Amino acid sequence: MSASSPMIALPESLLEKAARRASSLGVSTEQWLEKVVSERLRLEEKTAEFFAARAARASGRSLSDILKNVGNNPPDPGDEL
């Protein structure tokens with residue numbers, strides 16, 4: 001299987017939905033699937049970058065400071081473990 005023409009198996013119901021959506025947009029099913037996969041990969045990459053940046057900035061000190069102020073108060077009703 002080459003990178004230029006990969007074969008993937010999709011359930012018939014999913015392929016039919018993809019074909020209908022592609023047709024409504026005036027593109028081939030293959031073009032629509034390529035766009036959808038590309039957009040999903042871009043979204044996952046951006047999400048991973050976002051959380052990596054957040055993790056890099058995290059120190060844990062803020063949570064520790066919050067927990068120091070909790071004291072020994074009982075949990076609010078409904079918040080019990």
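Small disclaimer: the values here were computed from a predicted structure and weren't measured.
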Could you tell me whether the side chain of Glu44 and the main chain of Leu41 form a donor-acceptor pair under 3.5 Å?
-> no
Shortest non-hydrogen pair, Ala22 vs Ser28, comes out as CB-O, 3.6 Å
Nearest-0.5 Å distance, NZ of residue Lys17 to CH2 of residue Trp32 | 10.5 Å
Is it true that Val27 and Val37 fall in one hydrophobic cluster, defined by side-chain heavy atoms closer than 4.5 Å?
-> no
Give a yes or no on whether the backbone of Leu43 and the side-chain of Thr47 come within a donor-acceptor separation of less than 3.5 Å.
-> yes
Closest non-hydrogen atoms of Leu10 and Leu14, given as atom of the first, atom of the second and distance, are CD2-CD2, 4.0 Å
Could you tell me whether a side-chain N or O of Glu80 sits under 3.5 Å from a main-chain N or O of Gly78, the two making a donor and an acceptor?
-> yes
Reported CZ-to-CD distance for the pair Arg40 and Glu45, which is rounded to 0.5 angstrom | 12.0 Å
Measure the shortest side-chain to side-chain distance between Arg21 and Ser24 over non-hydrogen atoms and say whether it is less than 4.5 angstrom.
-> yes
Gap between atom CD of Glu16 and atom OG1 of Thr29 - 0.5 Å precision = 11.0 Å
